[in-house]
Structures are given as structure tokens and as C-alpha cells.
Chemist: 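Quick one: this structure, given as C-alpha cells, is what I'll be asking you about.
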Amino acid sequence: MAKMAASIVESGEDAFRKIFKFYRRKSPSPDLSDVIEFSRCAPSGQIVEAKLDLAVVSDVDAARVGLRPVKEWRAFGLQGYPGFVFISNPFLRGSQSFWLRQCLKIYPQKPNICNLDMHMSPSETQNIWGRSVHGLSIPPSGKRESKTLLERLRWVTLGYHYDWNTKTYSADSHTPFPHDLHLLSLRVTAACGFPGFSSQAGILNYYQADSSLGIHVDESELDHSQPLLSLSFGQSAIFLLGGPRRQDPPTAMFMHSGDVMVMSGPSRLLYHAVPRILPAPQERGPDLCGGDLQTDDGSVVEPVSDEDWTVCSRYIQSSRVNVTVRQVLAPGQSFPGSPCAQRRTEGGQPGGYDDGETGKRKRSSGDADTAET
């Protein structure tokens with residue numbers, strides 16, 4: 001990656017944007033040989049083994065949220081990125097379908113907030129799933145008049161709702177955080193050395209085949225001592241992880257369905273972006289229903305009905321869902337009386353994102369690319 005970066009970045013230029021544009025371009029297609037494929041690699045050189053706490057999460061507790069025993073996880077770090085952990089699909093076969101169903105059917109429900117609320121009435125966005133089922137049940141060869149609401153979904157916020165205008169959270173905009181997603185987040189972060197993590201805010205990004213996520217830093221949370229957790233479902237993506245400055249060339253890696261990233265410590269406030277969505281390799285697509293999924297009275301995961309999976313599988317044929325979970329406040333901490341004035345993410349257009357090419361902000365609407373956080 002460093003060799004490629006050196007060949008396309010001239011002195012004094014924005015290294016991250018140059019590489020973002022390289023992977024974003026459509027013609028000619030970019031060379032992906034420098035993109036790290038964690039699912040097929042072993043620790044060597046830049047890639048190191050990440051140390052997990054094998055005792056803090058029992059096999060039973062892991063299975064109850066759809067995870068394999070922690071001792072079976074393949075977790076990696078990167079030289080030069082302390083605090084960054086990449087876990088290659090720790091999910092039990094069959095459990096991804098449950099979490100994808102939650103992201104499409106449950107989490108967009110009110111009182112949670114989504115991009116469609118910006119230009120539609122509450123009654124129109126009350127049942128996004130129900131109003132999309134028919135359209136997504138039509139065979140691909142069939143004709144549809146327009147996109148369903150699910151296909152127009154770009155983001156959903158949970159818990160403390162992120163304000164895209166001010167780039168802040170507040171006590172005045174809060175709804176209960178989903179219990180099942182909190183338990184999943186708790187198990188992953190505990191295994192990565194953060195047993196006290198509190199899931200207080202979540203942002204779900206919904207990507208179409210031509211979507212991207214602009215260059216940004218997640219710094220709106222008031223407590224940066226806790227990690228940022230990222231979960232991916234559906235199609236694959238190229239993720240760029242840079243440094244504390246835009247001039248630092250980023251490292252590119254594939255993110256496939258089921259992959260998990262934890263950014264903590266010095267890596268918590270690094271620039272990152274998603275320049276490209278890619279078709280998932282056959283062996284790394286979302287697992288179908290069934291598999292190793294076993295439930296008991298303490299399980300939060302459950303089998304997904306055939307009817308629900310028909311809609312989910314149709315949606316993810318060309319789409320990707322990413323879930324990020326954050327702790328906003330430290331224990332005993334409260335929101336200040338006024339929002340923080342300065343953020344390192346660029347611009348101030350409502351619900352906008354940095355396209356990584358022009359450096360300008362774009363509006364995030366029902367049909368725009370995914371908004372940055």
C-alpha cells in the first residue's frame with residue numbers, strides 16, 4: 001500500500017483524498033492487489049495477531065448473541081495502528097440473517113430517526129418494512145414503478161440521535177437503545193478489552209452499489225476513551241484507515257459480511273472512509289437461515305422466517321448495511337450547555353458528506369450517497 005500511495009501522491013497534496021479517488025474511480029477499474037484481505041491472511045509484516053480476552057465472554061453468552069466462541073475468532077491488528085482490531089466474521093452460521101433482519105425491519109421503526117424523516121411525514125415512515133415488502137418480493141425480472149422505502153433508506157440513528165446539522169448529540173434527542181444490539185456490542189467490546197462499554201448511540205448506514213462514505217473522523221462523542229464498534233452485513237466494501245492528518249496515506253482493506261472492527265486508543269480518532277462497494281465473494285456473502293443457530297431462553301437471536309428472509313436476501317443482492325455503536329458519555333458525565341463549536345469533519349451542509357474527490361459537501365437525501373458521521 002505504501003508503494004502505491006507514494007506513486008500517486010505528490011508532496012503537499014491531500015494523500016487520503018488521492019487514494020480515495022483511486023479506489024472510487026470507475027474507469028479504469030482500480031488495482032485491488034494492495035487491499036488487505038484479512039479473511040485469507042495470517043499474521044506477518046504489517047498484519048499482527050490481536051490479543052483477545054478469552055475468559056471474559058463465555059461460549060454460552062457469545063452464542064446467545066450469535067457469535068462463535070471467542071477462542072475461535074480470527075482477530076488482527078495493523079502495525080502503526082495501535083488500538084485497531086479487525087475480527088474476520090466471528091458470527092455463527094445463520095446468525096447474520098437475524099442481525100440483518102433487525103437492521104432492515106426493526107431498527108428503522110419509530111421512535112428511531114432516519115433520513116426519510118427529513119422530507120416525509122411521520123405517518124409515511126411509520127412502517128418502512130411493511131410498505132416495502134411487496135416491492136422487494138417481486139422477482140428481479142418484474143417491473144416496479146419506483147424504489148421502495150427500504151431502498152431509499154440511507155441512515156438510521158439509535159439511542160442518542162446524532163444531529164447532522166450541528167454534528168453533536170444532546171440529552172433532548174434520545175430514545176432507548178436496542179437491548180439486543182447492546183448485548184452484541186457488549187460481548188465484542190469486552191473480548192477486545194473494554195468490559196465497561198456502554199452502548200449509547202448507534203448509526204446505521206445503508207449503502208447501494210454506487211454509494212461511498214466520505215473521509216471523516218468520529219469525534220462527536222464526548223468520551224473517546226471507549227471504542228468505536230463497526231459491524232458489516234451484505235455486500236463487501238473497501239475501507240480506508242488513515243492517520244490523524246489528511247496528509248497521512250491510508251491503508252486499504254476489504255470488509256465483508258460479518259466482519260467486525262473495533263477502533264480504540266490512538267486509532268479511535270483516525271481519518272477513515274469507504275470509497276467503494278463491491279460484490280461479495282461467494283464464500284463471504286451473508287449466511288443463509290439455519291446453520292449453527294441454536295437458541296435458549298437467554299438468546300436474543302432467533303431464526304428468521306422464510307418470508308422475512310425473502311425480503312432481506314433481495315435487498316442485499318446489491319446493498320450493504322453497516323452498524324456503528326458508540327459510547328457518548330463517560331460514567332457520570334453530562335452534556336455541556338452548548339454544542340462543541342469545532343469539528344474536524346469538513347463543512348456544514350445538513351446531512352452532508354465529503355465526496356472525497358472535490359472536497360465539497362453534498363446533501364444527503366433519500367437518493368444520495370451515505371452520510372458521514
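Worth knowing before you read on, the calculation uses all heavy atoms, side chains too, and leaves out hydrogens, waters and symmetry mates.
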Chemist: Taking ring-ring contact (aromatic ring centres under 6.0 Å, His included) as the test, write out the residues that go with Phe254, two or more places apart.
Modeler: His256
Chemist: Kindly compute the distance separating CD1 (Ile215) from NE2 (His272), expressed to the nearest 0.5 Å.
Modeler: 11.0 Å
Chemist: Kindly indicate whether the side chain of Phe20, heavy atoms from C-beta on, has any atom under 4.5 Å from the side chain of Ser212.
Modeler: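 A side-chain contact under 4.5 Å exists here.
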Chemist: Between Met263 and Leu241, is there a side-chain heavy-atom distance shorter than 4.5 Å?
Modeler: yes
Chemist: Between Tyr207 and Arg320, is there a cation-pi geometry (under 6.0 Å to ring centre, at most 45° from the normal)?
Modeler: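 The answer is yes, since Arg320 meets both limits relative to Tyr207.
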Chemist: With clusters defined by side-chain heavy atoms of hydrophobic residues (ILVMFWY) lying less than 4.5 Å apart, directly or transitively, does Phe86 cluster with Phe194?
Modeler: no
Chemist: Kindly compute the distance separating CD1 (Ile238) from CD1 (Ile277), expressed to the nearest 0.5 Å.
Modeler: 9.0 Å
Chemist: Check whether any side-chain heavy atom of Leu78 sits under 4.5 Å from a side-chain heavy atom of Ile36, and report yes or no.
Modeler: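 Heavy-atom side-chain distance check passes, below 4.5 Å.
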Chemist: Quick one: which of Leu104, Thr125, Ile128 gives a side chain to side chain contact (heavy atoms under 4.5 Å, CB included) with Leu153?
Modeler: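 The option that passes is Ile128.
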Chemist: Taking everything shown except Lys51 itself, do over 12 heavy atoms lie less than 6.0 Å from its NZ?
Modeler: no
Chemist: How many angstroms lie between CZ in Arg154 and CG in Asn205, if you round to the nearest 0.5 Å?
Modeler: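 Reported value, rounded in 0.5 Å steps: 10.5 Å.
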Chemist: Kindly compute the distance separating OG (Ser236) from CD (Glu37), expressed to the nearest 0.5 Å.
Modeler: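 Rounded to the nearest 0.5 Å, the OG-CD separation comes out at 8.0 Å.
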Chemist: Go through the steps for Asp210 and Lys26 under the test salt bridge (charged side-chain N to carboxylate O under 4.0 Å, His left out), then give the verdict.
Modeler: CA-CA 10 Å; Asp210 59 349; Lys26 295 181 179 180; 5.6 Å; no
Chemist: Do Gln333 and Asp223 pass the side-chain hydrogen bond (donor to acceptor under 3.5 Å, both in side chains) test, and can you show the C-alpha distance, the side-chain angles, and the key distance before you say yes or no?
Modeler: CA-CA 9 Å; Gln333 189 177 21; Asp223 179 18; over 6 Å; no
Chemist: Can you tell me how far CD of Gln79 sits from CZ of Phe84, rounded to the nearest 0.5 angstrom?
Modeler: 13.5 Å
Chemist: Identify whether Val60 and Leu54 are in the same connected component of the hydrophobic contact network (ILVMFWY, side-chain heavy atoms under 4.5 Å).
Modeler: no
Chemist: Sequence neighbours left out, what passes side-chain contact (heavy atoms from CB on, under 4.5 Å) with Thr175? Give chain and number order.
Modeler: Pro111, Asn112, His161
Chemist: For the residue pair Tyr206 and Val156, establish whether any side-chain heavy-atom pair is separated by less than 4.5 Å.
Modeler: yes
Chemist: Is it true that Val48 and Trp73 fall in one hydrophobic cluster, defined by side-chain heavy atoms closer than 4.5 Å?
Modeler: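 Each belongs to a different hydrophobic cluster.
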Chemist: Taking atom types as modelled and ignoring hydrogens, do the side chains of Tyr107 and Asp180 form a donor-acceptor contact shorter than 3.5 angstrom?
Modeler: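 The answer is yes; a qualifying pair exists.
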Chemist: Would a 4.5 Å heavy-atom cut-off, applied to side chains only, mark Gln226 and Gln200 as touching?
Modeler: no
Chemist: Can you name the salt bridge (Lys or Arg N to Asp or Glu O under 4.0 Å) partners of Asp61, sequence neighbours left out?
Modeler: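 Checked Asp61 against salt bridge (Lys or Arg N to Asp or Glu O under 4.0 Å); matches are Arg64.
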Chemist: Looking at residues at least two apart in the chain, or sitting in another chain, which of them share a side-chain contact (heavy atoms from CB on, under 4.5 Å) with Glu307?
Modeler: Ser305
Chemist: Just checking Phe91 against Phe233, ring centres under 6.0 Å apart?
Modeler: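 Between Phe233 and Phe91, which both carry aromatic rings, the centre distance is below 6.0 Å.
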Chemist: Looking at every heavy atom in both Gly234 and Ala280, which two are closest together, and how far apart are they?
Modeler: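 Closest approach of Gly234 to Ala280, heavy atoms only: O-CB, 4.2 Å.
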Chemist: Please list, chain by chain and in numerical order, all residues satisfying ring-ring contact (aromatic ring centres under 6.0 Å, His included) with Phe197, sequence neighbours excluded.
Modeler: none
Chemist: Partners of Phe76 by ring-ring contact (aromatic ring centres under 6.0 Å, His included), sequence neighbours excluded?
Modeler: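 Checked Phe76 against ring-ring contact (aromatic ring centres under 6.0 Å, His included); matches are Phe38.
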Chemist: Between Met118 and Ile113, is there a side-chain heavy-atom distance shorter than 4.5 Å?
Modeler: yes
Chemist: Measure across Ser199 and His182 and return the closest heavy-atom pair with its distance rounded to 0.1 Å.
Modeler: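 Smallest heavy-atom distance, with atoms named: OG-ND1, 3.0 Å.
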Chemist: To the nearest 0.5 Å, how far apart are NZ in Lys18 and NZ in Lys21?
Modeler: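 The distance works out to 5.5 Å.
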Chemist: Answer yes or no: is there a side-chain heavy-atom contact under 4.5 Å between Val323 and Ser230?
Modeler: no
Chemist: Going through the distances and angles, do Asp172 and Ser170 end up as a side-chain hydrogen bond (donor to acceptor under 3.5 Å, both in side chains)?
Modeler: CA-CA 5 Å; Asp172 297 330; Ser170 74; 4.7 Å; no
Chemist: Indicate, with yes or no, if Leu228 and Leu186 share a hydrophobic cluster defined by side-chain heavy-atom contacts under 4.5 Å among Ile, Leu, Val, Met, Phe, Trp and Tyr.
Modeler: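 Different clusters: Leu186 never reaches Leu228 through Ile, Leu, Val, Met, Phe, Trp or Tyr contacts under 4.5 Å.
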Chemist: State, yes or no, whether a side-chain contact exists between Thr168 and Ser220 at a heavy-atom distance under 4.5 Å.
Modeler: no
